[in-house]
S.K.: 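Provided herewith is a single structure, encoded as C-alpha cells, for subsequent inquiry.
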Amino acid sequence: MSAPEPKADSPAIEVTNLWRSFHNLHAVRGISFTVSRGQVVGFVGANGAGKTTTMRILSTLDYPTAGTMKVCGIDVVDFPTEVRSLIGWMPDHYGTYHHMTVLEYLDFFARALGYKGEERVERIKEVMEFTDLVPLADRLTDKLSKGMGQRLCLGRALLHDPEVLILDEPAAGLDPKARVELKHLIRILAEEGKTVFISSHILSELDEMCDTLLFINQGQIIHHGSSESLRRGTSGSSIFSVDLIGSTDDLREWADINPEVNFLDGSKNGGRIEIESVDPEVIGTTLRRMIEAGLTVTQFRQEERKLEDAFIEILGEIEATGVPIVS
Amino acid sequence: MSSAESAAPAPLENRITDFSSRFSPVLVKELRQGMRTNLFVIAFILLQTFMMLCLIAGIADPGSRDADGFFWFFIIATLLVVQPLRGFAALSSEYQMNTMDLIQLTRLNGWRITLGKWTALNAQGLLFLTGVLPYLVIRYYLGNVNFVSDLLALGAIGLGSGLMTAITIGSSVFKNIVLRGLLLATLFFFAASISSVLTFTVFGTRGRGFQPEMAALFALIATYGIIFFLSFGASRISPLSENLATRKRVIAIAFVLIAQLFHFAGASEEVFVVTCIILGLALIDALTEPLPIFSRVLAPFRERPLGNLAALFLSPGWISGLAFFAISAGLLFGSLLLGNSGVSGPDFSNTGDVVLFLSMCNVILFPLLIIHLFFSGHGSHHFTFGVYIFIQGGLFVLTLMIVAIGNALSEHEDLIYLCTPLPSVLIYAENEAGADTLLHLGIAIVTTLLCVAFPLLRQRKKVREFYATLKFTPLKNASPAEGN
C-alpha cells in the first residue's frame with residue numbers, strides 16, 4: 001500500500017459516520033462533519049461528550065469502531081504515519097520529563113521528528129521565539145507554571161510546522177494573562193493559514209477565535225455552524241432593547257397593536273421587545289413604524305443571545321424533540 | 001570581558017549540539033536525564049568505594065577468597081540488579097507523565113523507543129564496567145588471578161546485564177505496578193536460573209574446562225532474550241496499525257535455526273532447552289497479541305508473492321499466532337529429531353513420547369482456551385497477556401496440588417489425573433504414573449484440537465473479517481475492529 005500525498009483540494013478534516021465504542025459504551029455515535037482548510041473550528045461539549053475521543057482518533061492515537069476520518073484526504077487509520085506529519089496535537093494534560101530543561105525537551109522532540117544538525121537548531125529557535133520560550137530555555141520542564149507549560153506544549157506541537165493543529169482544552173486551568181497570550185498565539189497561527197481544531201467547554205473563549213463551532217453532546221453532533229447562526233437559534237426572532245422619551249406603557253400599547261412584535265419586559269425608559277423576524281429589512285421597517293407611531297426612540301439595540309444560553313436552548317430542544325439539530 | 005558577559009549562558013545551538021544528530025533521540029534524552037539522577041552517581045561512587053576496599057583487602061591478605069568473592073558480588077549486584085532495575089518504570093513512566101502519546105506522534109516507532117532506552121541504560125552500565133577494569137588489572141598484578149577468565153566472566157555479566165535490562169524495560173510496559181513487579185520477579189528468577197546453569201556449563205564445572213560452544217549458545221539465547229523483551233515492550237506501546245509481529249516471529253525462527261547448529265557440537269540437551277525457551281517466549285507473545293484487522297497491516301502481505309500464505313502465520317494477532325504455533329511445534333519436533341541422531345532421546349515411534357511432546361505444546365496453548373472461554377470480550381493486549389500469565393501461574397499451582405493429592409491417594413492416582421486432564425498434569429501422569437498411554441494420547445490430541453478450534457469458532461466473525469481483509473474482500477457492515 002503506497003503512501004498517499006495530501007490532496008490540495010480535500011478538506012483539512014473529513015469525518016464520516018464515526019463511531020467509537022468501549023464495550024457497551026458508545027463514546028462517539030456516528031458523527032460526520034467537515035472542516036475546510038484554514039478554518040478555526042471550536043469543538044464544544046460538556047465533559048464526557050466525546051470531544052477527546054474524537055480528537056484522539058483524529059490524532060491517530062485511537063481507532064474508530066466504525067466510520068472514517070481523513071486529514072487532508074489521508075485516512076487516519078490506514079496511514080497514521082503520513083497523518084502525523086500533517087497534524088500538531090496538544091493534549092489537555094501536556095507531558096513533561098524530570099531532569100530535563102525546556103531547550104532539551106524541544107531538542108528531543110525535534111530529533112524525534114527527524115530534524116538534524118543546523119535545521120534542527122533553527123527550527124527550535126523559531127518555535128521558541130514564537131512561543132516566547134527563549135527566557136525559559138534552561139528551566140526544568142517539570143517546574144513550569146501551567147501557562148508556561150501550555151506554551152511549551154504548543155511549541156512542541158508546532159515543531160514540524162503541521163497543517164492542522166488539534167488543541168484539546170488548551171486554555172483549561174490558565175490564568176487570564178496566560179489565556180490572552182494563548183489566544184494571541186492561536187490567532188497568529190490562524191492568520192498564517194493553519195487549520196485549528198480546538199476543543200473547550202468555555203464558549204466565550206472560543207467565540208472570539210473560531211470561524212465555526214461544532215457542538216457535541218453524548219457522542220452526537222448537535223450543531224455545526226457559525227456563532228452567529230447559533231445566537232440566532234432556530235426561533236427566527238430577534239430581541240431588542242428600546243429606550244425612549246416617554247413611559248413604558250407607550251411601548252407596550254404600540255407592541256399590542258403590532259402582531260409581529262411582543263413586549264417582553266419594561267425598564268425605566270422603555271423596555272425589551274421581540275420582533276418575530278431576523279430579516280434586517282423587517283427589523284428596519286418595524287423601527288420606522290415605531291417612530292411613525294410617535295414613539296421618541298433614543299436607543300434601539302439588538303440583544304445578542306449568549307452562546308451558553310443558545311447551547312442550553314439547543315439541548316432543551318433536543319430533549320423535547322429527540323432530534324439532533326445540525327445547521 | 002566583563003563579569004556579566006562571562007556569566008551569559010552559551011548560545012542555544014551550543015547547548016543542544018552536545019550529542020550528534022546520528023544518535024537515537026531516545027538515547028540522547030535518556031542519557032541527559034540519566035546522568036543527572038542521584039541513583040547513577042551514588043551507585044557509581046559506591047561501586048568504586050567497594051572495589052577499593054576489596055583491593056585493599058586483597059593486598060592485606062593475598063589470595064583471600066573472601067576479598068575475591070566480595071569483588072565479584074559488588075560487580076554482579078551493580079550490573080545485574082541495580083543497573084537493570086533502573087528500567088523498572090522506563091515505559092510506564094511515559095504513560096504516567098502523559099508523554100507516550102507525544103512520542104508516538106513523532107517518527108519514533110516502538111522499537112526505536114525501547115532500544116533507545118535499553119542502549120542508554122547499558123551505556124551507563126558500560127561506564128560501570130569501564131570503572132571496574134583498572135581493579136581487574138591491579139588484581140592480576142597481585143597474583144592468583146586468571147585475567148582471561150576474569151574478562152570472560154565480566155563479558156558474561158555484561159551480557160547478562162543487557163538481558164536483565166531488556167527484561168525490566170519490556171516488563172515496564174505494564175502500568176500496574178503489582179503485575180509489573182510479579183512479572184519481573186518471575187522473569188528475573190528464570191533468567192538467573194538459566195544463566196547460572198549455562199554459566200557453569202560455559203566455565204566447565206562439569207570437568208570439561210571452558211566450553212566455547214556453550215559460551216556461544218549462552219550468547220545466542222541472551223541476544224534473543226534482549227531482542228525479544230525489547231520487541232515485547234515495543235509492540236505493546238506501538239499503535240495497532242504498526243506491524244512488529246512479523247519481525248518478532250521471523251527472528252524467533254532464525255534464532256531457533258541457528259541454535260540447531262549446536263547439535264553438531266554435541267550440545268543437544270542444551271539446544272533443546274534453548275529451542276524451548278525461544279519458541280515458548282515467541283508463542284506466548286503471539287498467542288496474546290491483539291487482532292488488528294487493518295488493511296494497512298495486511299496489505300503488504302497481499303502485495304508480495306506467497307504473501308497471503310506468509311500472512312497466515314506471520315501477520316499480527318492471535319489467529320496467525322495459532323498457525324505460528326503449528327510451525328513452532330514442527331520446529332521443535334525437527335530439533336528433537338536432529339538431536340536424536342545417534343544419541344538417546346525421545347522416540348516418536350513410542351506413544352508415550354508423542355503424548356509428552358503434545359502435552360508440552362498444549363501447556364503453552366491451554367490458557368488461550370480459557371481466555372476465549374471467559375475473557376473473549378476484553379480487547380486490550382495488556383489485559384490478555386496479564387490474564388495469560390495469571391492463568392499459567394494458576395495452572396502451575398493447580399498441577400502441584402493435583403500431583404500432591406495424587407501422591408497422597410496413590411491407589412486412585414490414575415483416576416485423579418484422568419479427571420483433571422490439564423496438559424501439565426498429563427506430562428506428570430505420563431512420566432510418573434504410567435497409566436494407559438493410549439488414553440493419554442487421546443486426551444492430548446483432543447486438548448490440542450480443542451485449544452485450536454474453540455478460539456477460532458468463538459471468534460468466527462473476527463476470523464472471517466481477518467481473511468476477508470487479507471483477501472481484500474469488502475464485508476457487509478465491516479468495521480475497523482477493536483483489538484481482540
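Residue numbers begin at 1 in each chain, while the letters A, B, ... track the order of the sequences.
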S.K.: With a 4.5 angstrom heavy-atom cut-off, which part of B:Ser24 approaches chain A: side chain, backbone, both or neither?
M.R.: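 Neither part, no heavy atoms under 4.5 Å.
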S.K.: Which bit of B:Gln96 is near chain A, if near means a heavy-atom gap under 4.5 Å: side chain, backbone, both or neither?
M.R.: neither
S.K.: Just checking B:Ile177: does its CD1 atom have more than 12 heavy atoms from other residues, nucleotides or ligands closer to it than 6.0 angstrom?
M.R.: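 Counting neighbours around CD1 of B:Ile177, 12 or fewer heavy atoms of other residues, nucleotides or ligands fall under 6.0 Å, so no.
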S.K.: Quick check for you: to the nearest 0.5 Å, what is the distance between B:Thr106 atom OG1 and A:Phe109 atom CZ?
M.R.: 7.0 Å
S.K.: Please determine whether side-chain contact (heavy atoms from CB on, under 4.5 Å) holds for the pair A:His98 and B:Met97, giving the CA-CA distance in whole Å, both sets of side-chain angles, and the decisive distance to 0.1 Å.
M.R.: CA-CA 9 Å; A:His98 297 304; B:Met97 304 291 281; 3.7 Å; yes
S.K.: Can you tell me if B:Gln33 has over 12 outside heavy atoms packed within less than 6.0 Å of its CD?
M.R.: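 Count over threshold, so yes.
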S.K.: Among A:Pro80, A:Ser59, A:Gly117, who wins on heavy-atom pairs under 4.5 Å with chain B?
M.R.: A:Pro80
S.K.: Using side-chain heavy atoms (C-beta onward) and a distance below 4.5 Å, is B:Leu108 in contact with A:Phe108?
M.R.: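 Contact flag for B:Leu108/A:Phe108 side chains = yes.
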S.K.: With a 4.5 Å cut-off on heavy-atom pairs, point out which of A:His93, A:His160, A:Arg156 contacts chain B the most.
M.R.: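 Option with the top pair count is A:Arg156.
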S.K.: What do the steps show when you test B:Ser21 against A:Arg111 for side chain to side chain donor-acceptor pair (under 3.5 Å), and what is the final call?
M.R.: CA-CA 7 Å; B:Ser21 295; A:Arg111 284 171 188 260; 5.0 Å; no
S.K.: Which atom pair, heavy atoms only, marks the closest approach of A:Thr101 to B:Arg36?
M.R.: N-NH1, 4.4 Å
S.K.: Is the shortest side-chain heavy-atom distance between A:Arg84 and B:Arg107 below 4.5 Å?
M.R.: no
S.K.: Hey, which of A:Leu113, A:Thr81, A:Leu61 is the one that makes side chain to side chain contact (heavy atoms under 4.5 Å, CB included) with B:Leu105?
M.R.: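 The passing option is A:Leu61.
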S.K.: Assess whether a salt bridge exists between B:Arg32 and A:Asp107, defined as any Lys/Arg side-chain N lying under 4.0 Å from an Asp/Glu carboxylate O.
M.R.: yes
S.K.: Any idea which heavy atoms bring A:Gly95 and B:Leu102 closest together, and the distance?
M.R.: N-CD1, 3.9 Å
S.K.: Examine whether an atom of A:Leu106 lies under 4.5 Å from a heavy atom of chain B, and if so say whether it belongs to the side chain, the backbone or both; otherwise answer neither.
M.R.: neither
S.K.: Given the options A:Glu118, A:Lys116, A:Met90, which has more heavy-atom pairs under 4.5 Å with chain B than any of the others?
M.R.: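 Among the listed options, the one with the most contacts to chain B is A:Lys116.
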S.K.: What I'd like to find out is whether the side chain of A:Tyr97 reaches to under 4.5 Å of the side chain of B:Glu30, using heavy atoms alone.
M.R.: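 No; the side chains remain at least 4.5 Å from each other.
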S.K.: If you tally heavy-atom pairs under 4.5 Å against chain A, which of B:Glu242, B:Arg22, B:Glu94 wins?
M.R.: B:Glu94
